2 protein chains.
Amino acid sequence: MLECTIEQASTLKKILDAVKELVADANFDCSDAGLSLQAMDNSHVALVALLLRSTAFSPFRCDQNLSLGINLSSFSKILKCANNDDTVTLKADSGVDTINLAFESKNGARQSEYDLKLMDIDSEHLGIPDTPYEATVKMSSAEFQRICRDLRILNESIVIDVTKEGVKFSSSGDLGNGSIFIKSGQSSIDEKDEDTATTITLQSPVSLTFSLKYLCDFAKATPLSNTVTLSLSNDVPLLVEYAVNEVGYIRYYLAPKIGED
Amino acid sequence: MLECTIEQASTLKKILDAVKELVADANFDCSDAGLSLQAMDNSHVALVALLLRSTAFSPFRCDQNLSLGINLSSFSKILKCANNDDTVTLKADSGVDTINLAFESKNGARQSEYDLKLMDIDSEHLGIPDTPYEATVKMSSAEFQRICRDLRILNESIVIDVTKEGVKFSSSGDLGNGSIFIKSGQSSIDEKDEDTATTITLQSPVSLTFSLKYLCDFAKATPLSNTVTLSLSNDVPLLVEYAVNEVGYIRYYLAPKIGED
DNA sequence: TGGGCTTCCA
DNA sequence: TGGAAGCCCA
């Protein structure tokens with residue numbers, strides 16, 4: 001059986017907000033390492049990989065590996081019934097076709113409980129090669145979200161150019177052209193905040209084109225972390241990672257567009 | 001004639017917000033006791049009873065009883081034209097087919113005035129027996145509203161179970177099941193706030209089913225009071241009461257659903 | 001910064 | 001009609 005408790009319901013809420021738009025149904029794989037999820041998005045273009053480490057929970061108990069097929073929209077709706085700082089306990093058993101969610105207010109005066117029906121989902125577990133990337137950009141997640149939203153008024157595609165000086169995001173369309181250049185080494189959001197300083201690690205410059213629709217969907221993970229890490233190589237899917245402090249991460253993969261400007 | 005002044009326009013605004021969704025047109029009965037309204041909702045399922053005591057106004061003058069037929073949506077629209085802390089004066093006369101609303105800012109610099117057309121409304125004044133109830137729950141109104149909203153994701157019906165330990169709200173549907181238990185004796189919202197501590201008075205435990213649509217409409221009265229009182233007996237309409245400090249109350253009655261789980 | 005409300009879109 | 005996004009208020 002699985003039984004695990006996390007202190008802040010808000011963490012789970014934000015995680016579901018960051019996934020449910022891309023993926024309708026997915027299997028949560030439960031093991032002693034924690035809870036993980038890996039799924040192609042609904043149009044089979046992007047891939048989402050989520051990890052919630054067992055250490056994010058206390059207690060965490062998972063006797064045998066379980067794969068829980070969950071409708072993420074329903075899961076999210078039920079989580080919205082918790083207050084942000086409620087404690088959440090998830091319980092599931094191998095024999096049963098529901099997962100139990102128990103929310104408890106910090107003072108214990110309010111206890112709520114939901115059973116969510118599980119479903120059978122074909123899981124196509126794709127091995128993701130852990131390749132080195134030619135360029136890595138760590139930057140403010142809020143800035144990245146803003147850039148993706150802004151450039152979307154111009155075109156559905158965005159070009160990301162990484163040099164050692166900085167990273168340039170650009171787009172062009174009927175309205176005109178636009179580009180945003182973020183200098184390496186300092187924060188674009190708050191100059192005093194070293195957490196969100198832009199850091200670039202580079203083997204060789206890259207210039208790649210991606211669909212803004214997907215990047216905007218990935219950016220829904222912004223509330224989970226102050227920073228985002230973009231990892232790029234030519235002809236390899238972009239990796240967009242939001243590390244969630246003490247909890248785990250959510251990673252998105254998206255293949256570049258080719259043969260376009 | 002009727003002529004009465006209330007200090008805070010916001011009080012009247014909130015009252016109209018709490019009624020206008022349920023009742024389109026209603027008679028305001030004016031007497032030296034104050035203003036009252038009693039009406040079935042548009043689908044003749046629920047009943048609303050409102051009282052604004054004469055002491056809520058100063059001055060309050062009502063020479064003879066008047067019954068003023070008012071379209072509540074129009075009344076609400078006009079009230080929205082007042083600033084929240086404007087003083088509101090209502091004037092009506094038996095010979096005239098309008099009610100006059102005068103708004104005045106606290107410093108007197110702004111005075112506005114509206115005439116609202118009255119209408120003839122058949123009033124079916126139902127006697128409401130003042131019966132004792134088997135169970136009474138006083139709880140945070142915000143909590144009650146939240147519970148009704150939350151459980152609505154599961155089903156249109158809610159089951160309310162009252163025991164001396166606390167009150168349980170539950171629902172079930174396609175997604176799964178859910179229940180919220182509120183412990184008697186402490187506040188589920190703010191542990192330091194004794195005003196909103198849950199208080200249960202019980203002759204015998206009750207378990208009744210109601211339509212969530214109506215309860216959610218009743219909960220629009222939440223801004224009027226920090227607490228709500230639910231009074232239940234088997235086979236008797238639920239009474240949901242919001243006492244408005246120093247002003248009066250708004251009461252809603254709703255028959256339980258029978259023959260359903 | 002978070003929550004609620006309103007408006008727009010599917 | 002329900003869900004999502006953006007705006008406004010606390």
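Small disclaimer: the values here were computed from a predicted structure and weren't measured. First the proteins, then the strands, lettered A, B, ... as listed; each starts at 1.
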### Task
For the residue pair A:S211 and A:E156, confirm or rule out a side-chain donor-acceptor distance under 3.5 Å.
yes
### Task
Can you sort out the partners of B:K20 under salt bridge (Lys or Arg N to Asp or Glu O under 4.0 Å), two or more places apart, ordered by chain and number?
B:D17
### Query
Excluding sequence neighbours, so at least two apart, what forms salt bridge (Lys or Arg N to Asp or Glu O under 4.0 Å) with A:K213?
A:D217
### Message
Between B:F103 and B:Y114, is the ring-ring contact (aromatic ring centres under 6.0 Å, His included) condition met? List the steps.
### Response
CA-CA 9 Å; B:F103 308 144; B:Y114 296 81; 5.5 Å; yes
### Task
Could you tell me whether B:D174 atom CG has more than 12 heavy atoms of other residues or ligands within 6.0 Å of it?
no
### Task
Please round to the nearest 0.5 Å and tell me the distance separating atom CG of B:L79 and atom CG of B:L16.
5.0 Å
### Message
Using the salt bridge (Lys or Arg N to Asp or Glu O under 4.0 Å) criterion, which residues pair with A:D150? Sequence neighbours excluded.
### Response
A:R146
### Euclidean distance, A:F218 CZ relative to A:Y242 OH, rounded to 0.5 Å
9.0 Å
#### Entry: N-O pairing of B:E7 and B:K106 below 4.0 Å
yes
### Footprint string (nucleotides 3-10 of chain D, 5' to 3'): B base within contact, S backbone only, - free, heavy atoms under 4.0 Å
SSSS----
#### Entry: Stretch residues 108-116 of chain A: residues that reach within less than 4.0 Å of DNA chain D through a heavy atom
none
### Message
Under 6.0 Å between ring centres: does that hold for A:F75 and A:F28?
### Response
yes
#### Entry: Heavy-atom contact window of chain A on DNA chain C, given 5' to 3' at under 4.0 Å
C:dG2 to C:dG3
